[in-house]
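One structure is given below, encoded as C-alpha cells.
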Amino acid sequence: MTQFSFSSLVSGNLQRISLVTVGAIAFALGSCTAPSATSEADSTDTAASEDVLQVVTTFLPITQFTNAVAGDRAEVVQLLPTNTGVHDYQATPGDAQAIANADVLIQNGLEIEFFLDDMIDNAGNAELVIIDSSEGLDVLAFADEHDDHGHGEKEEHDDHGHAEEKEHDHEEEHAHGDEHDHEEEHAHGDEHDHAEGEAHAEGEEHGDDHDHHGHAHGEYAPHVWLDPKLAIEQVENIRDGLIAADPEGEAEYTANAEAFIAELEALDAEITEKLAPFEGQTFVVFHDFAGYFAESYGLESETLVGIPEDSPSPEDVKRVMETVKAEGLKTVLTEPQVGGESFDAIASDLDISVSVFDPLETGDAEAVQPEYYLTIMRQNADNLAASFGADQAWLPLWGSQAAAV
C-alpha cells in the first residue's frame with residue numbers, strides 16, 4: 001500500500017457540592033447506551049465502478065472536507081455510520097471490504113481512528129493510497145489531566161507521526177487565500193507500513209502513558225477539524241492527496257478546494273469577530289475536544305470529563321461549578337451525542353441553562369455534505385457567545401431545558 005506522505009511539514013470558593021448533582025450525573029451516565037446503525041460502507045455496492053476513483057473516508061468532518069474537494073469526480077463512502085462516533089464504532093465485514101475495494105483512504109489521523117491499522121492489514125489492498133489529513137499540522141500534545149485545560153504545547157505532526165516543537169502563528173505562516181505548494185513540501189510516494197504502528201514522539205510507542213481512565217489516547221489531541229484554520233490545511237492535504245492519486249482530476253480538485261477554502265476563510269472571520277469580545281475567558285464543555293478551537297480564538301476551555309466514556313467524580317463536578325461561577329457563564333455546553341443529563345444536574349444547581357457545542361463527530365445522513373460543517377460551526381459560535389452572556393435573539397438548548405438542535 002502507498003502512504004501519501006507529508007514530511008517536514010478558577011478561582012472562587014464553592015461552599016457546597018450538591019450530592020443530588022453528583023448522584024444524578026452518575027445515574028445518567030450509567031443508563032447511556034451506544035446507538036445502533038449501519039455504515040455507508042455496509043450499504044454500498046462493493047462492485048466499484050472501475051472508471052471512478054473510489055474513496056473511503058473515516059468519519060464526518062473528513063467526509064465533509066473530502067466531498068467538498070472531490071465533487072462529482074470521485075465516489076466517496078464513509079466508513080463509520082454517520083450517527084456513530086469513533087469511540088463507539090464496531091467494524092463490520094462490509095467495512096473491510098470497502099477498504100479492500102478502495103483506491104484511496106482518507107483519515108483524520110492523530111490516532112483518533114485507532115481501529116484502522118488492523119482493518120487495513122485485513123483488507124490486503126496493496127494499491128491503497130492513504131491520505132493523513134492532519135499531516136504537517138501544528139498539533140496540541142495531551143498534557144496531564146486538566147493541566148492547562150488538558151493540552152500542552154503545539155508541535156508539528158509529520159508523516160510518520162513524530163512531532164517537532166514549533167512556534168505557530170496562523171496569520172503569518174498560513175495566508176488563507178494562498179495555495180500551499182504541497183508538491184514541493186511533501187514526497188507523495190513515501191512508503192508507510194501501518195502494520196508496524198509507528199510511534200509519535202521520536203519513536204516511542206504511543207498510548208503507553210496516555211491511558212485516560214481506561215481509554216488509550218494518542219500522543220496528540222485529534223480534534224483539529226474544529227479550528228477552521230486547521231480545517232483549511234486538512235482540505236489542502238486532501239486536495240493534494242487526491243491529485244497524487246488521480247492526476248487527471250487536478251483542475252477539478254484544485255477549483256473545488258479553492259471554493260471551499262474561501263468558505264472556511266469567511267467562517268473563520270465571522271467566528272473571530274463574534275468571539276473577540278470574550279478573549280481570555282473560559283467556557284465549559286462536556287469532554288476534552290475544544291482545545292484547538294479555544295486556542296484559535298483566544299479562549300480557554302474547561303471540561304467535565306476527558307473522554308465521553310469517563311464518569312465525572314465529585315472533584316470534576318466541583319471544578320466545573322467553580323469555573324461557571326468564576327466566569328459568570330450563562331450556559332454549559334454539552335454535545336448532541338452525550339452529556340446532556342450530566343449537565344442538566346449541574347445547571348439546575350447553578351440556575352443556568354444547558355446549550356450545545358457540537359464536535360461534529362456524528363449527525364444524520366445529510367451531515368456528510370460540506371455545508372453541514374459550516375452550519376454547525378456557526379451554531380457553535382453563536383451558542384458559545386451566548387454562554388458568555390452575548391445578547392442573542394435565540395438560544396438553542398439541549399436536554400430537558402429545551403428541544404434538541
Side-chain angles (χ1 to χ4, degrees), residues 10-29 143-151 213 226 271 274-308 310-336 338-359 379-392 394-402 405:
V10 85
S11 68
N13 293 322
L14 190 66
Q15 299 302 316
R16 68 176 184 88
I17 297 291
S18 167
L19 293 177
V20 174
T21 299
V22 178
I25 292 172
F27 175 81
L29 290 176
D144 292 337
E145 184 181 6
H146 302 305
D147 177 34
D148 293 327
H149 302 278
H151 298 101
H213 294 280
L226 291 173
I271 296 176
K274 183 177 292 292
L275 298 181
F278 313 109
E279 184 175 0
Q281 292 185 234
T282 301
F283 60 96
V284 172
V285 292
F286 179 67
H287 94 275
D288 189 9
F289 65 80
Y292 292 103
F293 182 94
E295 181 178 270
S296 185
Y297 299 108
L299 304 170
E300 300 286 348
S301 63
E302 184 61 88
T303 68
L304 182 61
V305 294
I307 60 173
D310 282 352
S311 297
S313 67
E315 290 76 18
D316 292 330
V317 176
K318 177 181 178 181
R319 173 175 41 76
V320 162
M321 294 177 75
E322 287 176 339
T323 300
V324 170
K325 292 168 73 71
E327 295 290 329
L329 297 177
K330 307 303 180 185
T331 67
V332 286
L333 300 166
T334 189
E335 305 161 40
V338 291
E341 297 89 346
S342 301
F343 272 176
D344 277 347
I346 291 174
S348 178
D349 259 22
L350 295 175
D351 195 26
I352 60 172
S353 298
V354 180
S355 188
V356 177
F357 193 121
D358 187 345
Q379 290 180 5
N380 286 339
D382 286 342
N383 291 353
L384 183 53
S387 182
F388 288 133
D391 185 18
Q392 299 274 4
W394 56 270
L395 177 62
L397 302 178
W398 184 261
S400 63
Q401 306 287 326
V405 175

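These numbers were taken from a predicted model, which means no experiment stands behind them.
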Next item on the list: Check whether any side-chain N or O of T331 sits under 3.5 Å from a backbone N or O of S353 as a donor-acceptor pair, and report yes or no.
Entry: no
Note to self: Can you give me the closest heavy-atom contact between A294 and S301, atom names plus distance?
What the structure shows: CB-N, 4.1 Å
Next item on the list: Would you please indicate yes or no on a ring centroid separation below 6.0 angstrom for Y297 and F278?
Entry: no
Item checked: Contact summary for L275 and A381, nearest pair of heavy atoms -> CD2-O, 4.0 Å
Check: Which heavy-atom pair separates L299 from G280 by the least distance, and what is that distance?
Finding: CD2-N, 4.3 Å
Notebook entry, point to check: Between NZ of K274 and CG of L384, what distance do you get to the nearest 0.5 Å?
Noted result: 10.0 Å
Checklist line | Beyond-backbone contact of I352 with L329, side-chain heavy atoms, under 4.5 angstrom | finding: no
Check: Do N383 side-chain atoms and V356 backbone N/O form a donor-acceptor pair below 3.5 Å?
Finding: yes
Next item on the list: Report the C-alpha separation of H287 and V305 in whole Å, then their side-chain angles, then the decisive distance to 0.1 Å, and conclude whether the side chain to side chain contact (heavy atoms under 4.5 Å, CB included) test is met.
Entry: CA-CA 5 Å; H287 94 275; V305 294; 3.8 Å; yes
Margin query: Working to the nearest 0.5 angstrom, can you tell me the gap between E279 CD and E300 CD?
Written below: 10.5 Å
Item checked: Intermediate values then yes/no, side chain to side chain contact (heavy atoms under 4.5 Å, CB included), F293 and I271 -> CA-CA 10 Å; F293 182 94; I271 296 176; 4.0 Å; yes
Next item on the list: Name all residues meeting the ring pair (Phe, Tyr, Trp, His ring centres under 6.0 Å) criterion together with F283; count only those two or more places apart in sequence or in a different chain, and write none if there are none.
Entry: none
Next item on the list: Find the distance between CG (L304) and CZ (F286) and round it off to the nearest 0.5 Å.
Entry: 5.5 Å
Notebook entry, point to check: Rounded to the nearest 0.5 Å, how far apart are OG1 of T303 and CZ of R319?
Noted result: 5.5 Å
Notebook entry, point to check: Would you say D382's side chain and Q379's backbone share a donor-acceptor pair under 3.5 angstrom?
Noted result: no
Item checked: Reported CD-to-CZ distance for the pair E335 and F357, which is rounded to 0.5 angstrom -> 9.5 Å
Notebook entry, point to check: Just how far is it from atom CD of E302 to atom CG of D288, taken to the nearest 0.5 Å?
Noted result: 9.0 Å
